[in-house]
Amino acid sequence: MSFFNGLFHKKKKEDSVILIDISADSIAGAYVRYSADELPVLLYTNRVPIDIRGEEPHEHAMLRALDILGNGLIREGAPILVRSTGSGSADTILVSIDAPWQKTFIRTERFEQEEPFIFTESLVWKALEKTRFVPKGQQLADESIIGTVLNGYKTSNPYGKETHHASVIVLTSLVDELVVGNIKATLRALFHTQEMSVIAGSSLRYQAIRAAFPYEHDALILDTANSLTTISLVRRDLLVNVVEVPIRINDAVVWMEKISSELTDIAGRFPLPRTIFLLARESEDVSLQKALDNAKLGSLWLAENPPKIIALLASHLAGLVRHTSSASPDLSLLLMAFFHSHRSF
């Protein structure tokens, strides 16, 4: 489901949601309360590590961590939800899945006719269904229209308008089919909630950041929240390039060398924006920002002045999401809560 299309869905009055964030080395969960015209409230949050034992498959360790997290949500979080809402049950579960179990990519679909035509939502989704390709063993998690151009001009309200040619930029998330099936089975065994949606973490965080900072029309987003890195390039409010960098953040210097190489490649094809959003875990944000500051990236911008680096903190979302959990704010969960508030409310 598209994030921006979700802005126009019928709003609910109240909703309780379980958030599950699955990364390569840890799993986080939260109970969130939504009320119309109010900020979403994170009532309870927790994160547990993925502890791989011996030679066991990564997936087995992940599912064990998910079971531990889920039982903690029931044992510790549900009573807090009861005190806040009168019920310990959630209406839906939103699951965010990161690498190595997901892939994210963009594509552009073009529409052109000799005679003017009315651009409609049904026209777009029929075209996407025809061109969609899901490899064997993968499952479509999310297909979001994140930009529309009519007659050469970007527009946020395209449907019902007459045009000669149009294009839509589509952000697609694929997840491992077997892994998703096991995740859903684990969650259904823990909770009575049947309504469940899955999205790739990098797609969710990109869309949430773009909505949280609408006036940054051109930006690079370095998303390291999953201990791997996704580079997203936004130009004139349109996502034009996504690169998933297969490197773990064990050494900030080695990480910066790889990121510099990827940025050099991107700069050979696109002008680079002056703003960089750095999304990192709290334990790594200082070292990664220092590495960026020391990298002397100005040469890629053909300028002496370095780009503006914004290390995204939980405090940046203080006016968008309330955090009342006794645990420290978790940036990934805050972004999930904000994303869902726009998708469903």
Side-chain angles (χ1 to χ4, degrees), residues 1-11 102-136 138-175 177 197-221 223 230-244 265-273 339-340 342-344:
M1 178 179 293
S2 168
F3 172 78
F4 295 104
N5 285 351
L7 294 175
F8 303 102
H9 285 186
K10 183 179 180 180
K11 296 182 181 294
Q102 66 85 26
K103 297 178 181 178
T104 299
F105 58 93
I106 59 173
R107 74 181 192 273
T108 300
E109 294 290 341
R110 293 178 172 83
F111 306 81
E112 189 169 0
Q113 298 180 17
E114 292 185 1
E115 297 295 327
F117 62 95
I118 302 300
F119 189 72
T120 64
E121 188 173 7
S122 62
L123 177 71
V124 172
W125 290 109
K126 286 179 181 178
L128 295 185
E129 287 177 2
K130 290 181 179 179
T131 60
R132 182 183 302 140
F133 173 71
V134 180
K136 185 177 180 180
Q138 300 289 309
Q139 175 180 312
L140 181 69
D142 182 62
E143 194 167 57
S144 301
I145 297 173
I146 56 173
T148 306
V149 177
L150 298 184
N151 293 325
Y153 295 94
K154 178 184 179 298
T155 176
S156 58
N157 186 25
Y159 299 125
K161 295 182 178 179
E162 187 177 82
T163 185
H164 285 273
H165 54 85
S167 60
V168 294
I169 299 173
V170 185
L171 183 64
T172 301
S173 305
L174 300 177
V175 291
E177 189 173 39
S197 57
V198 176
I199 185 172
S202 56
S203 173
L204 181 151
R205 291 188 294 272
Y206 159 74
Q207 295 182 65
I209 291 171
R210 293 298 299 136
F213 297 89
Y215 302 112
E216 293 287 351
H217 304 294
D218 303 273
L220 277 167
I221 301 173
D223 179 0
T230 300
I231 304 174
S232 301
L233 173 61
V234 180
R235 296 188 65 227
R236 299 175 184 174
D237 290 323
L238 297 177
L239 181 66
V240 297
N241 198 54
V242 174
V243 179
E244 294 186 337
D265 180 66
I266 294 172
R269 294 176 288 131
F270 304 98
L272 296 181
F339 169 86
H340 187 75
H342 278 269
R343 187 173 73 163
S344 300

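All of these numbers come straight from a predicted model, not from anything done at the bench. By convention here, the first residue in the shown sequence is residue 1.
Pairing each heavy atom of T172 with each of L140, the nearest pair is CG2-CD1, 3.5 Å. When all heavy atoms of V134 and Q138 are compared, the closest pair comes out as CG1-O, 3.3 Å. Here the closest non-hydrogen pair linking P214 and A211 is CD-O, 3.4 Å. When all heavy atoms of L123 and F111 are compared, the closest pair comes out as O-CE2, 3.9 Å. The heavy-atom pair separating R235 from F270 by the smallest distance is CD-CB, 4.2 Å.
Considering only heavy atoms from C-beta on, Q207 comes within 4.5 Å of I199 through its side chain. A 4.5 Å side-chain heavy-atom check between N151 and H165 finds at least one atom pair inside the cut-off. Using a 4.5 Å cut-off on side-chain heavy atoms (C-beta onward), L128 and R107 make contact. Inter-residue side-chain proximity for T108 and V170 is flagged as unmet; no heavy-atom pair is nearer than 4.5 Å. Residues L233 and P273 have side chains in contact (heavy-atom distance under 4.5 Å, counting atoms from C-beta outward). In this structure, V198 and Q139 have side chains that are not in contact, with every pair of non-hydrogen atoms separated by 4.5 Å or more. The side-chain heavy atoms of N241 and I266, taken from C-beta on, include a pair separated by under 4.5 Å. Between R210 and D237, some side-chain heavy-atom pair lies under the 4.5 Å cut-off.
In this structure, CG in L174 is found 10.5 Å from OG in S203, a value given to the nearest 0.5 Å. Once rounded to the nearest 0.5 Å, the distance linking CZ of F105 with OG of S202 reads 11.5 Å. Separation of atoms OG1 (T148) and CD (E109) is listed at 12.0 Å; rounding is to 0.5 Å. Taken to the nearest 0.5 Å, the OG atom of S173 stands 12.5 Å off from the NZ atom of K103. Distance OG/S232 to CD1/I146: 8.5 Å, rounded to 0.5 Å. Remark: E115 CD to H164 NE2 distance equals 8.0 Å, nearest 0.5 Å.
With sequence neighbours excluded, the residues satisfying side-chain contact (heavy atoms from CB on, under 4.5 Å) with R236 are D218.
Surrounding NZ of K154 are more than 12 heavy atoms belonging to other residues, nucleotides or ligands, all under 6.0 Å away.
Applying side chain to side chain contact (heavy atoms under 4.5 Å, CB included) to Y206 and the options D223, V242, I221 leaves one that passes, I221.
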Under the criterion side-chain contact (heavy atoms from CB on, under 4.5 Å), I'd like the reasoning laid out for Q102 against E244: C-alpha separation, chi angles, the key distance, then a yes or no.
CA-CA 11 Å; Q102 66 85 26; E244 294 186 337; 3.5 Å; yes
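The aromatic rings of Y159 and F119 lie parallel to each other, their planes meeting at an angle below 30°, with 60° marking the opposite boundary.
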